[in-house]
Amino acid sequence: MDLLIKNGTIVTAIETYQADIAVSGGKIAAIGTDFNEQDFHDIVDARGKLVLPGAIDGHTHLALPFGGTISSDDYYAGTRSAACGGTTTVFDFVQQNPGERMLDAVKRRDALAAPDAAVDYSFHIGVGDVSTDELLDSMEEAVEYGIPSFKVYMVYDFGVDDGSFYKVLQRAKKIGALVGVHAENKDVNNLLVQQYLAEGKTSAWWHYMSKNELVEGEADVRAVNLAKMAEAPLYIVHLADKMGMDAVTEARRQGYPIFAETCPQYLHFTNEVYKRDRGRDFVCSPPMKNQESQNAIWDGIANGNITTIATDHCPFKQAEKDWGITKKDGTPGDFTTIPNGCAGVENMYPYVLAQAGAGRLTFNKAVQLCASNPAKLFGLSHRKGAVRVGLDADLVLYDPEKEFTITNEAMHGDTDHTIWEGVKLKGYPIATYSRGRLVFKDGEFLGRRGAGELIKCKKLSFHGPEL
Ligand code: URP
Ligand code: ZN
Ligand code: ZN
């Protein structure tokens, strides 16, 4: 056999126990205590360490064209960074072009990802055009191929109207797919932008104000209601506000299959960041909200109404963030000319696990939010998300005592700053295995460009808030 990880403490979504893990052919071959060491090529002593399933980041934007540029981590840099933060699978987004069949969009994007990805990956399809029956029907082809997840934007120029959203929800339910939604009220957002700019309000603070608690909350409530009407499951991505959290909580109490994702940035930062000198570095959508919303999201984690944590990793370089002051063409910029998004793929698991170490949640809950729930929700629990015989040996060794201060210098992506600069964590991943291959050890990336595979996901069917 290839590898024995011995003496570690295995942490799953429900259990914590001492055992050894045998790895063969990229899979977890056995879990036990009586292995013969001579049967193994490599032996790793994990005494005093936690052994966790690799995290699944359900929300990244690698090489995303946005705001006149492209997010600065391509599929190699982004997955390299993921591996170094204990994330062994990422779900990226492919945006369907007008007139394009859903599966063609996936294949177009996969041509970019496959040669570069260092860990495994899959896709959600951003719905761009369901104006004809043929395009709506093409959703099924993608589901059959192994991509049963779609995303609808209620904002941005490329966002869809409520009618199209509703149509996609209805169809998704029929064909075993899940619809994710970026919920913000587009019309009010656009109107507030015009008003603030006319009043000379150009700083990053006004980005937050134009996408404030109510702008997101109203759209969350509307999205939940559309899902109820369509009797379809719904996944709200990057939930950041109390009104949305309350709507999700109430819908789940009523038995609806409504799920919510939040991101570490909403758990750690509030809207106060937009008052900083470099507040523009924190510009992302939705923006960080007030303390009341942050408390509500933490409560949602405690009471089970947040189902997953993901990153919305979408880094831009500081010179691009500076377009909020001076645009590319040298004319004065404002908050609308800052590309939206921040880096985070390397920080999610370390941040959430450090919160577990600090007693804010259990390690089992951290694993549930970052690994096992995304696996179940997106249809890849036959491969990933747990430490179980037969699953991919995507494993993380975690030292709960290691002190780590996040700096951009210590990160492994291609961007030049991090909003997490200076944040101190107790506990940090010391090794990551992707299908049994060591891809990260003691601060160093050891993986290989192109080693990641597209993971085909199973059809989905949720009848209630079972996760
Ligand atoms: O600010 C963000 N999140 N940019 C990426 C696109 C999105 O809305 O998820
Ligand atoms: Zn979004
Ligand atoms: Zn996003």
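The figures here come from the full heavy-atom set of this structure, side chains too, leaving out hydrogens, waters and symmetry mates. Along the sequence shown, residues are numbered consecutively beginning with 1. What you see is a predicted model; the values in this text were computed from it and never measured. First listed ligand is number 1; within each ligand, the first listed atom is number 1.
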Which bit of K151 is near ligand 1, meaning a heavy atom under 4.0 Å away: side chain, backbone, both or neither? side chain
Which atoms of ligand 1 sit under 4.0 Å from any heavy atom of H59? 9 (O)
Return the residue, atom name and 0.1 Å-rounded distance of the protein heavy atom closest to atom 1 (O) of ligand 1. S285 N, 2.7 Å
Geometry only, no angles: is N340 polar-contacting ligand 1 at N/O separations under 3.5 Å? yes
Please could you name the atoms of ligand 1 that Y156 approaches to less than 4.0 Å, counting only its heavy atoms? 6 (C), 7 (C), 8 (O)
Are F259 and F462 an aromatic pair, judged by ring center distance below 6.0 Å? yes
Any N/O/S atom, side chain or main chain, of H59 closer to the Zn ion (ligand 2) than 2.8 Å? no
Give the residue, atom name and distance (to 0.1 Å) of the protein heavy atom nearest atom 3 (N) of ligand 1. D312 OD2, 2.6 Å
For A219, does its backbone N or O pair with a side-chain atom of N185 as donor and acceptor, under 3.5 Å? no
Check whether any N, O or S atom of H61 sits under 2.8 Å from the Zn ion (ligand 3). yes
Correct closest heavy-atom pair for S122 and L454 would be CA-CD1, 3.9 Å
Would the F378 and Y235 ring centres measure less than 6.0 Å apart? yes
Strictly distance-based, threshold 3.5 Å: is any side-chain N or O of S210 a donor or acceptor partner for the main-chain N or O of H207? yes
Could you go step by step and tell me if H61 and F66 meet the ring-ring contact (aromatic ring centres under 6.0 Å, His included) rule? CA-CA 10 Å; H61 299 279; F66 194 102; 8.1 Å; no
Give a yes or no answer on whether the side chain of Q96 reaches the backbone of G128 with a donor-acceptor pair at less than 3.5 Å. yes
Quick check: of its N, O or S atoms, which one does D312 have closest to the Zn ion (ligand 3)? OD1
Checking N408 side chain against T415 main chain: does a donor-acceptor pair fall under 3.5 Å? yes
Have a look at the Zn ion (ligand 2) and estimate, to 10 degrees, the angle subtended by NE2 (H238) and ND1 (H182). 90°
Are the side chain of K365 and the backbone of I301 linked by a donor-acceptor contact shorter than 3.5 Å? yes
Heteroatom distance test (C314, ligand 1): nitrogen or oxygen, under 3.5 angstrom: no
Enumerate the atoms of ligand 1 whose separation from the nearest heavy atom of H61 is less than 4.0 angstrom. 5 (C), 6 (C), 7 (C), 9 (O)
List ligand 1 atoms under 4.0 Å from C284, heavy atoms only on the residue side. 1 (O)
